[in-house]
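For reference, the structure discussed in these notes is given below.
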Amino acid sequence: MHILRKLLLASAAAPLTALALAGAATGQDGPEPVQIGLIAPVSGIYARPGQVMQMGAELGIEDVNAAGGISCLDGAQLELVVIDSGDSVEKATNAAQRMVAEYPNLVGATGAYLSSFTLAVTEVTERANLPILTLSYSDLITERGFQNVFQTSATAGAQASIALPIIMDLAERETGERPQTVAIITDNTAASLSSVERMKGGLLDDLGLEVVMEEVFTPPLADASSLVQRVRTSRPDLLFFLPTVISDANLILQKMQEFRVDVPTISFGIAIAEPEVLNVMDPELLEGVMSAVANWGVKGQEELIQRLNERYGEPWMTQNAISTYGDIWIFKAALEEACSRDREAVAEALRNLDGGPSEYYPGGTISFDEKGRREGASLTIIQWQDGVPVTVFPEELAVAEPRWPSE
């Protein structure tokens, strides 16, 4: 039964009220709220994505509560608990330990943005039998045989396999030639390394692409001069660019401008598409830059994107907002199935969930395979066009036609 779809239809008809706000049930008559955790970096160099995840979670909590909360639990409202994972693996581990110790009533959590953090956090949540949803990309997250980790995004390896053939076909269609050589600049975070591993594990050979330059760096970068000089001297047909820190993306793009390195640039991840990039970059310099990302605001989500803008001033909806928003609705569906506040019962409901076609993630369904990966998960390809990163793939969700980046 496609329970999630029915719930979403119900939510569309429900009016928003002040009582819909997170935690509104606290101190009022009625059942105690059901706590959902958000563990994400809201401080340090990764604070920006974490803060946007919180925005998406807050909107999701608001909408679920406006739709009547958890009907099976007498309309219990959802309550968001935010735990700062900080900006290092050690801090994320400590935050996860604090989360399971200080919030024993949590029925589930979402997080933790960076794959390296999620790998550490889920070591803790697995021992606590706390189900956790994540948009993190690394293939390793769901390769460990854990029972309580559910990956809503396509893995990094899967994303590379989906995106690269599309990019090669687009290049040939627009230029009449298929690229022959590629340079790779990547940071050493888990998701970025998973993507590159899949590329070099046969995908580039299958596509006839030769790697003429590769550089792995540790964020944050202090100076990108040598990286960009190497790209310039290697003269690739394409540049694959995999940063996860916004300042690193800015620094490298600025150096490319300074050194006049005009290579069609394809990124992976959202660091090049955060609004803050415009604080240091001329929009014209970003024009045409593409990125493969797990999720993005797409056609059909205009009302939700407008609410995000009006509430928080966000100019567009990144994966961090839309995926975390969707996670709250998945927990709503699992809670209705479990009809219980017991986290093990909720995890079991997630493992057997049949939520129908995906509403807030590209491709596939709201169901998970034996590894905890969302079945049929695809990705979005975005491109800077006229100063805004817009979705250009998949076609049915796109808001604009793709354009090949000009050299």
Side-chain angles (χ1 to χ4, degrees), residues 137 153-154 156 158-187 191-192 195-196 198-199 203-204 207 209 228 231 236-244 246 248-250 252-254 256-257 261-278 281-299 315-320 322 362-363 378-407:
Y137 298 176
S153 63
Q159 289 187 46
S161 298
I162 297 169
L164 264 58
I166 295 169
I167 291 165
M168 294 292 284
D169 289 346
L170 177 62
E172 185 172 25
R173 188 183 77 191
E174 297 295 322
T175 69
E177 297 179 353
R178 291 181 76 81
Q180 302 294 314
T181 60
V182 62
I184 299 174
I185 296 178
T186 180
D187 69 21
S192 299
S195 294
V196 173
R198 175 68 186 94
M199 292 177 194
L203 182 57
L204 295 180
L207 295 170
L209 274 173
V228 176
V231 175
D237 294 332
L238 290 175
L239 170 64
F240 289 163
F241 182 32
L242 297 91
T244 55
I246 298 170
D248 291 341
N250 290 346
I252 291 172
L253 290 173
Q254 284 179 308
M256 289 178 66
Q257 177 199 7
V261 177
D262 296 323
V263 179
T265 300
I266 312 298
S267 191
F268 294 80
I270 68 163
I272 63 99
E274 291 281 9
E276 285 72 13
V277 174
L278 293 176
M281 294 289 292
D282 187 328
E284 292 185 1
L285 299 174
L286 293 162
E287 188 71 12
V289 173
M290 306 177 81
S291 189
V293 296
N295 203 352
W296 204 257
V298 298
K299 182 166 57 180
W316 51 79
M317 180 168 268
T318 69
Q319 65 172 10
N320 299 310
I322 188 62
S378 185
L379 51 60
T380 55
I381 295 178
I382 59 174
Q383 183 175 40
W384 279 94
Q385 293 185 5
D386 303 321
V388 176
V390 297
T391 301
V392 296
F393 175 87
E395 185 175 350
E396 65 273 18
L397 300 177
V399 299
E401 291 286 331
R403 309 167 187 164
W404 186 242
S406 60
E407 298 186 31

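By the side chain to side chain donor-acceptor pair (under 3.5 Å) test, T186 pairs with no residue at all, sequence neighbours left out. D248 meets the side chain to side chain donor-acceptor pair (under 3.5 Å) test with no other residue; sequence neighbours excluded. For T380, the side chain to side chain donor-acceptor pair (under 3.5 Å) test picks out no residue, with sequence neighbours left out. Looking at residues two or more places apart in sequence or on another chain, you find no ring-ring contact (aromatic ring centres under 6.0 Å, His included) involving Y137. Remark: E172 pairs with R178 by the side chain to side chain donor-acceptor pair (under 3.5 Å) rule, at least two apart or across chains.
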- Query: How far apart are the C-alpha atoms of D237 and E177, what are their side-chain angles, what is the distance that settles it, and do they pass the side chain to side chain contact (heavy atoms under 4.5 Å, CB included) test?
  - Reply: CA-CA 10 Å; D237 294 332; E177 297 179 353; over 6 Å; no
- Message: Does E287 form a side chain to side chain contact (heavy atoms under 4.5 Å, CB included) with D386? I'd like the steps, not just the answer.
- Response: CA-CA 7 Å; E287 188 71 12; D386 303 321; 3.9 Å; yes
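The CD1 atom of I162 lies 9.0 Å from the CD1 atom of I381; values are rounded to the nearest 0.5 Å. Note that CG of L170 is 8.5 Å distant from OG1 of T175, once rounded to the nearest 0.5 Å. Atom CD of Q180 is separated from atom CG of L209 by 7.5 Å, given to the nearest 0.5 angstrom. Annotation: the span from S161 atom OG to L203 atom CG amounts to 5.0 Å, rounded to 0.5 Å.
L242 and S195 make their closest contact through CD2-CB, 3.7 Å (heavy atoms, listed as atom of the first residue, atom of the second, distance). In terms of heavy atoms, P389 sits closest to W384 at CD-CZ3, 3.7 Å. F268 and S291 make their closest contact through N-OG, 3.6 Å (heavy atoms, listed as atom of the first residue, atom of the second, distance). Contact record, S267 with P243: OG-CD, 3.7 Å, taken as the closest heavy-atom pair. A pairwise comparison of heavy atoms in M199 and F240 identifies SD-CD1, 3.8 Å as the closest pair. Of all the heavy atoms in G363 and S378, the pair that sits closest is CA-CB, 4.2 Å.
In this structure, the side chain of W296 does not engage the main chain of W316 through any donor-acceptor pair within 3.5 Å. Of the possible donor and acceptor atoms, one in the side chain of Q385 sits under 3.5 Å from a partner among the backbone N and O of E401. In this structure a side-chain-to-backbone donor-acceptor pair under 3.5 Å is present from T391 to G297. Side-chain atoms of T265 come within 3.5 Å of backbone N or O of V263 as a donor-acceptor pair. Side chain of Q383 to backbone of R403: a donor-acceptor contact under 3.5 angstrom is found.
Residues V277 and N250 form a side-chain contact, since some pair of their non-hydrogen atoms from C-beta on lies under 4.5 Å apart. Between W404 and I167 there is a side-chain heavy-atom pair separated by less than 4.5 Å.
For residues 263-275, every residue pair satisfying the salt bridge (charged side-chain N to carboxylate O under 4.0 Å, His left out) rule, not counting sequence neighbours, is listed here: R48-E274.
The residue from V182, L238, L204 that alone fulfils the side chain to side chain contact (heavy atoms under 4.5 Å, CB included) condition with L164 is L204. Only one option out of I272, I266, D187 pairs with F241 in a side chain to side chain contact (heavy atoms under 4.5 Å, CB included); it is I272. Paired with P402 under the rule side chain to side chain contact (heavy atoms under 4.5 Å, CB included), one option of R173, E395, E174 passes, and it is R173.
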